[in-house]
Amino acid sequence: MGTFYKHFAKQDLFHLGVVCVFLIHVWAIINMFHDIPAMLLYMTRNELIGSLAYNMLFALFETIIVFLILVALGLILPGRWTRSNFFPVSCYLLGELTIMIILLKILGFRPYSRALLGGICIVVLILTALVVPKYSKMSELARSVSTRLTPLTAVYILIDLVGAIIVIARNV
Amino acid sequence: MPLNISRRDFLKLASLLPLASTGISASNPTPRNRRTNDHAPNVLIVVFDTLSALDLSLYGFHRQTTPHLARFAQNATVYHAHYSSGNFTSPGAGSILTGTAPFTHRAINMLGSVEESFTSRNIFSTFDDYTRIGFSHNHLANLLLYQFQAHLDEFILPDEVAIVDFNFADDLFPNDYSIASQSERRYLKKPGETSNSLFLHSLLMFLKNIVDRYTLKQLRESFPRGIPGFHDMIYPLEDTIDWITEQLVQWPQPFMAYLHMMPPHDPYCPRKEFVDIFQDGWEPIHKPKHMLSNSIFPPDVLDVQHRYYNEYIAYVDSEFGRLHTFMQEHNYYENTIVVFTSDHGEMFERQIFRHVTPTLYQPIIRVPLLISMPQQTSRQDVYTPTSCIDLLPTLLHLTGHPIPTWCEGMVLPPYADQELPQERSIFAVEAKNNPKLSPLRKATVAMIKGNYKLIHYRGYEGYDGVYELYNLRNDPQELQNLYTTHPTIASELERELLAKIEEKDAYFR
């Protein structure tokens with residue numbers, strides 16, 4: 001535990017969790033609403049509710065996986081660097097990755113464009129890791145955005161938990 | 001190219017989804033103690049997905065795609081004008097399994113299911129004195145089998161034969177397979193669309209690429225166009241055929257087994273020895289682009305895909321040949337009714353590619369049907385138009401079961417006590433985008449009667465209320481729309497078709 005807290009400040013882990021929940025859930029919910037008209041064609045009300053419950057449960061699962069991967073990465077890096085830079089760097093990296101992935105999904109790039117985008121992505125990620133620690137204002141901005149998102153993410157988590165209860169009820 | 005078990009086990013472990021092995025299988029491995037009908041023949045229904053009759057040499061196609069099926073046909077009844085009742089799995093398989101047309105059973109939507117009452121009115125509920133087995137590679141067929149599982153002794157999911165399986169909902173949520181697996185697909189794997197997952201989808205794709213590139217290297221050499229599989233599973237047909245031969249010995253008799261294999265559904269991935277066997281330069285008749293065409297591919301690209309499809313059929317045929325040989329050698333034809341058919345066809349014309357289309361042309365609804373009776377020693381040919389809804393009453397008749405009143409099909413010749421009516425109408429329905437339990441407002445309905453086929457389109461933007469009429473005898477390619485030039489026959493058929501739709505819609509008003 002001592003090693004763990006050598007790498008991370010509790011507050012930073014909380015803020016990172018908020019960012020993960022927000023990004024993953026916003027995308028999942030937008031797409032879920034996109035699916036609803038097609039689902040209404042053939043699903044009963046209970047089936048629709050069940051399907052949405054699974055969607056939220058999977059979003060929660062994805063959030064946990066992404067959060068754990070980032071924490072694992074943080075544990076690999078030197079403790080002193082991680083403690084001061086882990087949250088802002090992770091936060092910007094997540095944001096950039098989100099934009100890249102959404103672009104890939106929406107625009108459906110061909111393989112050569114994908115390679116190009118992948119190359120750009122790597123350059124941007126490296127630049128982020130180098131630039132963000134140098135400007136404290138970027139860290140402050142990330143923290144303030146995360147703080148403002150907290151109430152919304154609490155609602156998302158609440159919906160996830162309701163989803164989990166529905167899924168459990170459907171499976172017992 | 002049989003694969004040994006140890007490699008399969010190894011590859012299953014290598015699939016990097018340990019979750020998949022932690023859950024409980026949806027199958028019920030212990031058949032109930034039936035055997036009240038010990039002398040009855042077994043029934044084996046073999047369905048190959050997406051198999052158009054027009055591409056089989058058995059039915060006169062010039063490429064030798066089905067020499068092994070021809071071997072099977074020597075001791076079977078071959079139906080030359082057999083129709084599926086839909087253009088994709090849900091309506092097609094739904095009709096085979098319920099003996100009713102899609103506008104009755106209502107498995108009309110993508111990922112659709114049959115209307116609630118059919119969960120206890122289906123082929124499995126009628127063979128209640130048999131050991132009943134349902135297996136499919138196809139997720140859409142599995143959604144139907146799941147609905148019928150109260151009447152199944154074994155509902156076997158495709159992970160049984162998959163060497164790589166990236167699905168987990170079936171293992172984690174076996175009591176809610178239908179909704180859980182649909183949700184999983186929607187969240188992680190929407191084909192050709194944006195998945196609901198932001199990062200997990202990419203992670204999954206990454207893992208799949210690794211598995212595909214490294215652990216399946218040897219298999220990739222045998223399958224240069226890709227290893228057969230679908231729905232995030234990889235399952236060479238060889239393994240499935242081997243598995244069936246193992247199961248045949250174990251299933252308590254009499255059994256009624258519905259086995260639905262995905263090939264030759266796209267992607268077309270034949271084994272090495274079938275790749276490029278049909279490079280004959282053949283060009284089919286290039287038909288004008290249809291108003292509801294779904295493809296941007298020019299005709300020459302479709303011709304290449306058509307060839308790949310034919311080569312894949314030849315591979316599927318060779319594997320079916322292996323099953324046929326096994327059954328011959330082990331005397332299964334002594335006491336088994338074997339049915340060979342498909343749920344729908346495939347299309348490479350009018351700039352329509354594959355089968356996800358609002359149209360119902362012949363390549364997409366004309367499917368093979370062969371029935372081999374126990375100890376049958378000669379071939380019979382039936383040219384009367386028949387429908388996949390006829391299969392259930394025919395099998396019930398052949399096994400001495402009563403035919404329930406809800407069944408809409410008729411007993412097929414030559415097994416029927418009476419001949420099929422000359423002027424019988426056969427229907428096929430496409431209504432993916434119509435609400436399941438509502439009248440048909442956005443749909444295509446085809447009616448085949450005698451030599452004529454009337455196709456009615458309703459609810460499509462720019463193609464609403466359109467009719468096409470073809471004389472299949474004089475114009476099997478469906479090139480000349482006779483709707484305006486033959487008003488008498490057109491209006492007569494139109495009246496009947498609309499009356500049928502009206503009759504069926506009345507239940508859902």
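Worth knowing before you read on, the calculation uses all heavy atoms, side chains too, and leaves out hydrogens, waters and symmetry mates.
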For chain B, which residues from residues 162-172 of chain A have at least one heavy atom closer than 4.5 Å to it? A:Val167, A:Arg170, A:Asn171
B:Leu198 versus A:Ile102: any side-chain heavy-atom pair under 4.5 Å? yes
Non-hydrogen atoms of chain A under 4.5 Å away: do they reach the side chain of B:Ser197, the backbone, both or neither? both
Residues in residues 85-96 of chain A that sit under 4.5 Å from chain B, counting heavy atoms only: A:Leu94
Hey, mind stepping through A:Ile101 and B:Phe199 against side chain to side chain contact (heavy atoms under 4.5 Å, CB included) and telling me if it holds? CA-CA 8 Å; A:Ile101 289 172; B:Phe199 300 105; 3.5 Å; yes
Residues of residues 125-143 of chain A under 4.5 Å from chain B (heavy atom pairs)? none
Gap separating the CG atom of B:Leu200 from the CZ atom of A:Phe58, nearest 0.5 angstrom: 9.5 Å
Under 4.5 Å, heavy atom to heavy atom: which of residues 107-115 of chain B reach chain A? Give them by number, or say none. B:Asn109, B:Met110, B:Leu111, B:Gly112
One should read off an interatomic distance between B:Ser183 OG and A:Met56 CE, to the nearest 0.5 angstrom, of 12.5 Å
How many angstroms lie between atom CZ of B:Phe168 and atom CZ of A:Phe61, to the nearest 0.5 angstrom? 6.0 Å
Can you tell me how far CG of B:Leu203 sits from CD1 of A:Ile69, rounded to the nearest 0.5 angstrom? 5.5 Å
Could you please spell out the steps behind the side chain to side chain contact (heavy atoms under 4.5 Å, CB included) verdict for B:Gln182 and A:Met43? CA-CA 11 Å; B:Gln182 287 183 51; A:Met43 281 187 176; 3.3 Å; yes
Within 6.0 angstrom of B:Arg509 CZ, more than 12 heavy atoms from elsewhere: yes
Rounded to the nearest 0.5 Å, the CG atom of A:Asn55 sits from the CZ atom of B:Arg186 at a distance of 8.5 Å
Counting heavy-atom pairs under 4.5 angstrom with chain A, the leader among B:Ala169, B:Ser178, B:Ser202, B:Ala180 is B:Ala180
Would you compute the distance between atom CG of A:Leu48 and atom CD1 of B:Ile179 and round it to the nearest 0.5 angstrom? 8.5 Å
For chain B, find which of A:Ile65, A:Thr98, A:Val66 contributes the most heavy-atom pairs closer than 4.5 angstrom. A:Thr98
Other residues, nucleotides, ligands: >12 heavy atoms within 6.0 Å of B:Tyr463 OH: yes
How about A:Glu62 and B:Tyr187: does a side-chain donor come under 3.5 Å of a side-chain acceptor? yes
